[in-house]
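In what follows, a structure is listed as C-alpha cells, so that the remarks can point back to it.
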There are 2 protein chains.
Amino acid sequence: MKSPAPPRKRNPGESRQRILDAAARHFGEAGFDGARVDVIARTARINKQLLYHYFGNKDALFTHVLERAYQQLREQESALNLDGLPADEAILALVNFTWKFYLSHPDFIRLLNSENQMQARHLKRSRRIAAINAQHLKIYRALIARGQREKTVRGDLDPLQLSINIASLGFFYLMNRHTLSTVFKSDLNSERMRRKRLAVMRDVIGRWIRADRK
Amino acid sequence: MKSPAPPRKRNPGESRQRILDAAARHFGEAGFDGARVDVIARTARINKQLLYHYFGNKDALFTHVLERAYQQLREQESALNLDGLPADEAILALVNFTWKFYLSHPDFIRLLNSENQMQARHLKRSRRIAAINAQHLKIYRALIARGQREKTVRGDLDPLQLSINIASLGFFYLMNRHTLSTVFKSDLNSERMRRKRLAVMRDVIGRWIRADRK
DNA sequence: GCGTATACTAACCAACCAGTTGGTTATAAC
DNA sequence: GTTATAACCAACTGGTTGGTTAGTATACGC
C-alpha cells in the first residue's frame, strides 16, 4: 500500500526552473517529437499538470527552452572581453569560445537541430529571439572593422558569413559525429580528435580572415 | 456505398520503389519520430501491410532509406571525372559538387540530421554502409597526394578533416537556414544568398588547401 | 482569521499509431 | 490444371500520449 505523497512546500521559482532543466535535457536527447511530456514531468519531480499550468503546452515549453539556450550562449559571448587582443586573434578566440560552448552545452546543438528539422516553427513565433541575438553580429562587425584598421584582417569580410563559418565547422562536427564516426570508422569524439578539430578550425578561419601579405 | 478497390496489377519492384520514395520524402520532412508509417503507405498508394511485408518495421525501413541516400551521393561523387583538373581545382570542384548535391537532394541532409539526433543508431547496425562509403576518402586522399606532387596543395592536409570541412560549410548552412534566417532576419534561402554562400565556401577551402607561396 | 489567487496533485480520456490478424488473388513453376 | 509462393488488402489491437477535469493545499492580502 502506497502512502500518499506528502504535500510539497511551495516554491514556484524552483519548480519552473526544474521543469525547464528537465525539458532542456529531454528535448535535447530525444528531439521535440521523440520527447515525452510525462518524462519531463517525472524528471522534474512535479505533476504533469503543473507543467501545463506554467507553460500551456508542449510547443510553448519547447520555445521557452530554446530561448533560454540562446540566451545563455549570447550572454557568455557578450561577456567575453576581447579588447586586449589584436582583431585577428580576437576572432580566433571566438572560434575557441564557440567550440567550447558547444562542448559544454551538448543540449544546445541538439535542440537547434530539432528546431531546424521543424523549419524553426517555434523560433519564428518567438518575440524574444531577435533581442536575445541582437549583440551577436555587432560583435563580429566591430571586430572586422577594427581588424581592417589594424591591417590584420582583410577588407571584404561579411560578418554573417564569418559567423556562419565559425558555427558550422564546429556544430556540424559535433552534431554529426555519430554518423561520421560510423561511416569513416574513427572515433571523432575522442579527446585527441577533438583537440585536432579545434586546431583545424582555427587554421581554416585564420587563413580565411587574414589580410594577404604582399 | 464504396466499391472495393479493384485488384491492382502486381509489380513488386515498383511497389518497393514507391515505398522507398515516399519514405525518403516523409522521413525527410518529419524526421524519424515525426514520421507516420500510415502516411508513407498512403503516399506510396499501397497497403500498410505491404510495407511491413517488404521492410519488417519502421526502423528497418528508415535504414534502407538512409543507405539508398548515401549510395546516391557516393555513386555520383565517384562518377565525377576530375583527372583533367589540377588538384586544387579538383578539390574546389568537389566543393561545388557537394553543395549542388545537398541542394538537389533536400531530403538527404534532413535524413542525416534525424539519424544524428538518434546518435546514428540505424547506421551503426547497417552492414552495407561501410562499403557504400569506401571510395569517398580514397578520392580525397588521392587528390591531396596529386596536389602535393603538383605543388598546388599544401603538404599536411588530412583527408578526413578536408572532407568534414567541405561537408560542414554547406550542410550547416542549408540545414540551419531556418533558424539562421529567423535569428538574423535575412533570407538565406534566396538565390542571391545561395550563390554568395558557394563563393564563400570556395574561398574558405581554397585558401586553406593551397600551398603557401613564398 | 477570512477570502481568494495560485501552487500543486491524482485520475482520467480520446485520439493516435506501430504493428498484427486473417485473409484473398495474381503469378510462376511443374 | 495443380500447387507453392509472394503480392496485396481491410480491419483490428493494445499500448501510448498530449492534454483535461476536478479537485486539495498553501501562501498572502486585508
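A, B, ... follow the sequence lines: proteins, then strands. Residue 1 opens every chain.
Side chains of Thr43(A) and His26(A): no donor on one and acceptor on the other come within 3.5 Å.
Side-chain atoms of Asn57(B) and base atoms of dA18(C) include no donor and acceptor less than 3.5 Å apart. Donor-acceptor pairing under 3.5 Å, judged by distance alone, is absent between the side chain of Lys58(A) and the base of dG19(D).
Toward the 5′ end of DNA chain D lies the nearest nucleotide of Arg36(A), the other residue of the pair Gln49(A) and Arg36(A) mapping further downstream.
Ring planes of Phe101(A) and His105(A): parallel class, angle under 30° (limits at 30 and 60°).
Nucleotide dG18(D) holds its C1' atom 4 Å from the OH atom of Tyr52(A), rounded to whole Å. Tyr54(B) has its OH atom 17 Å from the P atom of dT5(D), to the nearest Å. If you take CG of Leu50(B) and C1' of dA26(C), they are 13 Å apart, rounded to a whole angstrom. Separating the CG atom of Asp38(A) from the C1' atom of dT20(D) is a distance of 13 Å, rounded to the nearest angstrom. With rounding to whole Å, Arg45(A) atom CZ is found 13 Å from dC8(C) atom P. Look at NE2 on His53(B): it is 18 Å from P on dG22(C), rounded to the nearest Å. One atom, CZ of Phe32(B), and another, C1' of dC17(C), lie 12 Å apart when rounded to the nearest Å. Note: CD1 (Ile19(B)) to P (dC9(D)) measures 10 Å, nearest angstrom.
Within the 4.0 angstrom heavy-atom criterion, only backbone atoms of the sugar-phosphate kind lie near Ala35(A); the bases stay farther away.
Side-chain contact between Leu162(A) and Ile205(A) is present, with at least one heavy-atom pair separated by less than 4.5 Å.
Contact between the side-chain N/O atoms of Ser15(A) and the OP1/OP2 oxygens of dC8(C) is found at a separation under 4.0 Å.
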Side-chain atoms of residues 31-42 of chain A: list all donor-acceptor pairs with protein atoms under 3.5 Å, sequence neighbours left out, distances to 0.1 Å.
| residue | atom | partner | partner atom | Å |
| --- | --- | --- | --- | --- |
| Arg36(A) | NH1 | Asp33(A) | O | 3.1 |

